[in-house]
Undergrad: 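Take a look at the following structure, please.
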Amino acid sequence: MADGNNDIEQQIRDALDVPCLKPGAMEGLKPFVAAPEHQEKLGFPGELVPDWKEKALAKMKDLAEKNRAFQVYLDACVKCGACTDKCHYFLGTGDPKNMPVARQDLLRSVYRRYFTFAGKYFPWLVGARDLTEEVLEEWYSYYHQCSECRRCSVFCPYGIDTAEITMAAREILDHIGVGQKYSNEIIGKVKSVGNNLGLNPKALRATLEDLEEDIEDDTGISVRIPLDEKGADILLVTPSADFFAEPHIDGLIGYAKVFHETGASWTLSSYASEAANFGLFIGSYENMREIALRIRKAAEDLGVKRIIFGECGHAWRVAYSFLNTLAGPFDFLDQNYPIPQHILEYTWDAIQKGQLKLDKSRNDHLTLTYHDSCNVARASRMGDMPGGQFEIPRNVIKAVCNNFYEMDRDTIRESTLCCGGGGGLLTDDLMDLRIKGASPRMKALQQVTEDHGVTHMAAICAICKTQFSKVMPKYGYDMDSIVSVHQLVSNAIILTGQETEEDEQNEEEAA
Amino acid sequence: MAYEVNGQVVEHDEEGYIVNLSDWSRELAEEIAKTENIEMTDEHWEVVNFLRDYYEEYQIAPAVRVLIKAIKKSMGPEKGNNKYMYELFPYGPAKQACKIAGLPKPTGCV
Ligand code: SF4
Ligand code: SF4
């Protein structure tokens, strides 16, 4: 690469540099398998069924028949190679089976063998292979090395979406009794307790009261975080990580301050205390629907007029693209507002109307960049303009911060890189993969740190935030270098009646 | 998969979290800490005890922020902060301290 390009160009390429091939590097990586009790709660067999081969093929056939896109994806690939170097897990691990087309082929080869003419009679000609136990192992391993981020699909001339194939593979695996512990245990918790964490109403209430206390200590103003309040106008559905983890909680405080300042009547629900919907990750329509219906029920029970989603990437995908199909129609909500609405749309609107008093200098200790979350960037929109999902978060950040720089164009917006922990991979048993998968994003970040002194990265996804707080230390950043967008908003807002030091001085003089 | 304390066998899951919460004892905590390369000091115990009390009341571990606030109250601001918590429990106060305290692992996007 030392061919006279200037330094920047050369380093920019580094983030997306193609690694040396390391065949088999990630072979055998296998996240913990779900226990029978976790499987059964979701309606799946507890363990590998004796007739797994027939069941797997039947499920594959069923999916190909019902899901036209899935079948087209299996049939359409021309092996052009455009996707090969577009996956962050390939870039981070060098394992050729993490090339998107290779990942697809793990399933496609079996599909060809059993469901195409050529594959049935001349399997060797079309790369078709039998479904064996080894193939099953390989599926389990490599379909849990895909975060379903859809970056590869942006570069495929046929729009083939590896994420769909991964979801189908996981759905097949679940149906023969081989689920992933992380995702399936969590889905079970949503069904029994209402959220991924297993946070019961009493604990949730105590946590929220604690946060109200913190805000008051901090600002002198009483800002409420209401729970289960019937008759409120707005139901806020947010990832349960917002009640528990850092920097998520600071985002929650930000939402509360925005609602407070705009005089909104709002509430959280203990029944639908989760925006995340891991049903998407495992490709299970039934489970996705069941989780989405909780939101509908909460909205009906509380009698709200609007539903707003907090900062969660895939939740926004599910909400934006599927909520109506899964749990609609929402004819009981106020049709004058987007159904559903994103908290950033709400906040941006309030900023434009001048409803928030903002002091940008309160974020002057930070120099920021913004990480587009994959599901927001590539599978949804925001606001009423095309590209709103890119512009609105940036508009809000720029309205509350003075120092903002973009990362390399090829790593943001629709080309954004996954954080490395999405799609059900945010589990400790995949930490090695998560660290490696984050490396392209981390290199792009290091680049803007070098060029512009960027100190912090903002995100609007609970998974991104947790993933980065865990892996950033491996790349030379503090764990709190990842921030919530509404944390920045929270920093900058001056609440009505909140006394700044200046005010206090003026008052003293007047008295 | 099990710990052994005083000749007693205590079952744990793939990640070292005990299966039956009632199996917990101070000796077991010391044993779990050893496998995590942690030597239990008074400060570690302060955190573990708080987690267990909180769990008893709420059936779940507290948010890190709530934990830190409590530790700040009992041990002062030099110790009641995130950085110090990670010094005590390098793999995170929520997950690693919960494991030693015999509580289930917090799940989800955390
Ligand atoms: S969807 Fe994302 S993680 Fe999966 S193969 Fe494509 S780029 Fe890789
Ligand atoms: S870019 Fe599309 S058509 Fe080309 S190899 Fe990849 S999946 Fe196949």
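The figures here come from the full heavy-atom set of this structure, side chains too, leaving out hydrogens, waters and symmetry mates. Per chain, numbering begins at 1; letters A, B, ... match sequence-line order.
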Undergrad: Might you work through the salt bridge (charged side-chain N to carboxylate O under 4.0 Å, His left out) test for B:K105 and A:E185, ending with a clear yes or no?
TA: CA-CA 12 Å; B:K105 175 177 164 165; A:E185 180 182 19; over 6 Å; no
Undergrad: With respect to chain B, which residue among A:L211, A:T207, A:T466, A:T427 yields the maximal number of heavy-atom pairs within a distance under 4.5 Å?
TA: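 Most pairs with chain B among the choices: A:T466.
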Undergrad: Rounded to the nearest 0.5 Å, what separates atom NE2 in A:H248 from atom CZ in B:R65?
TA: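 It comes to 11.5 Å.
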Undergrad: Decide, yes or no, whether a salt bridge links B:K69 with A:D217 under the criterion of side-chain N to carboxylate O below 4.0 Å.
TA: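 A:D217 and B:K69: not salt-bridged.
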Undergrad: So which residue, A:M479, A:E274, A:K470, ends up with the most heavy-atom pairs under 4.5 Å with chain B?
TA: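 Looking at each of A:M479, A:E274, A:K470 in turn, A:M479 comes out on top.
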Undergrad: If you measure from OH on B:Y58 to CZ on A:R205, what distance do you get to the nearest 0.5 Å?
TA: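 Output value for this atom pair is 11.5 Å.
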Undergrad: With rounding to the nearest 0.5 Å, note down the distance linking OG1 in B:T107 to NZ in A:K189.
TA: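 The distance works out to 3.0 Å.
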Undergrad: I need the residue from B:V110, B:V66, B:N82, B:D13 with the largest number of non-hydrogen atom pairs under 4.5 Å to chain A.
TA: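 That would be B:V110.
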Undergrad: Heavy-atom count around B:E27 CD within 6.0 Å, excluding the residue itself: above 12?
TA: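 Count over threshold, so yes.
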Undergrad: What residue, out of A:L197, A:D480, A:L426, A:I186, has the most heavy-atom pairs lying under 4.5 Å from chain B?
TA: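 Ranked by contacts with chain B, first place is A:L197.
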Undergrad: What residue, out of A:K465, A:Q467, A:K181, has the most heavy-atom pairs lying under 4.5 Å from chain B?
TA: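 The answer is A:K181.
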Undergrad: Quick check: do B:E57 and A:K202 have side-chain heavy atoms less than 4.5 Å from each other?
TA: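 In short, these two side chains touch, coming nearer than 4.5 Å.
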Undergrad: How many angstroms lie between CG in A:D429 and CD in B:E15, if you round to the nearest 0.5 Å?
TA: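 Output value for this atom pair is 5.5 Å.
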